[in-house]
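Inspection log for the structure reproduced underneath, given as structure tokens.
Throughout, residue positions are numbered sequentially from 1 according to the sequence presented.
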Amino acid sequence: MEVLKKNENGKMLVQISGEMDAVTAPKVEEAIGSLEGVSELVLDLAQVPYLSSAGIRAILTTRMRFGKNDKFSIVNIQPMVKEILDMTGTSKILGLK
């Protein structure tokens, strides 16, 4: 599991690579860290082949920590991960298409 963050002028891009499961999901939340001063948050899941319920929780918790700001997005979702998000109803909660 690797988490790379780029924060430019309040826009934070978080690139996650590896499976998000019970072991790695808390590490993702920890790596994202403080969202103070962040006006836009983008999670890039291009390198996430699998997402467990713990991974879903980490994404939802990050979304809740970010607040009601509309500038939250998830990009480059792998088909398997998108299917998991769709089956659990998480896609609707996150506003994914």
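- Around atom NZ of K6, no more than 12 heavy atoms belonging to other residues, nucleotides or ligands sit under 6.0 Å away.
- A single hydrophobic cluster is seen to contain both L51 and L60, as judged by linkage of ILVMFWY side chains at heavy-atom distances under 4.5 Å, directly or through other members.
- L94 contributes atom CG, which lies 8.0 Å from atom CD1 of I77 (distance to the nearest 0.5 angstrom).
- Closest approach of S39 to K11, counting heavy atoms only: OG-N, 4.5 Å.
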Which atom pairs, donor and acceptor, lie under 3.5 Å between side-chain atoms of residues 23-31 and protein residues at least two apart or in another chain?
unit_1: T24; atom_1: OG1; unit_2: E19; atom_2: O; d: 2.6
unit_1: T24; atom_1: OG1; unit_2: D21; atom_2: N; d: 2.9
unit_1: T24; atom_1: OG1; unit_2: D21; atom_2: OD1; d: 3.1
unit_1: E29; atom_1: OE2; unit_2: R57; atom_2: NH1; d: 3.0

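- The hydrophobic cluster containing I56 also contains L96, counting ILVMFWY residues as joined when their side-chain heavy atoms lie under 4.5 angstrom apart, directly or transitively.
- Under a hydrophobic-cluster definition in which Ile, Leu, Val, Met, Phe, Trp and Tyr are linked whenever side-chain heavy atoms come within less than 4.5 Å, directly or via other members, F72 and I93 are assigned to the same cluster.
- One finds the CD1 atom of I74 at 5.0 Å from the CD1 atom of I59 (value rounded to the nearest 0.5 Å).
- Atom OG in S53 sits 11.0 Å away from atom CE in M20 (nearest 0.5 Å).
- With a 4.5 Å cut-off on side-chain heavy atoms, L43 and I32 count as touching.
- The structure places CD of E40 at 11.0 Å from CG of N9, a figure rounded to the nearest 0.5 Å.
- Annotation for P49 and Q47: closest pair CD-O, 3.3 Å, computed over non-hydrogen atoms.
- Applying the side chain to side chain donor-acceptor pair (under 3.5 Å) test to residues at least two apart or on different chains, the pairs with a partner in residues 84-95 are K82-D86, D86-S91, T88-T90.
- Hydrophobic cluster membership for V42: L13, V75 (Ile, Leu, Val, Met, Phe, Trp, Tyr linked by side-chain heavy atoms under 4.5 Å, directly or transitively).
- Taking CD1 of I16 as the start and CG of N76 as the end, the distance is 11.5 Å to the nearest 0.5 Å.
- The two residues K71 and F66 come nearest to each other via the heavy atoms O-CE2, 3.4 Å.
- In this structure, the separation between OH on Y50 and CD on Q78 is 15.0 Å, given to the nearest 0.5 Å.
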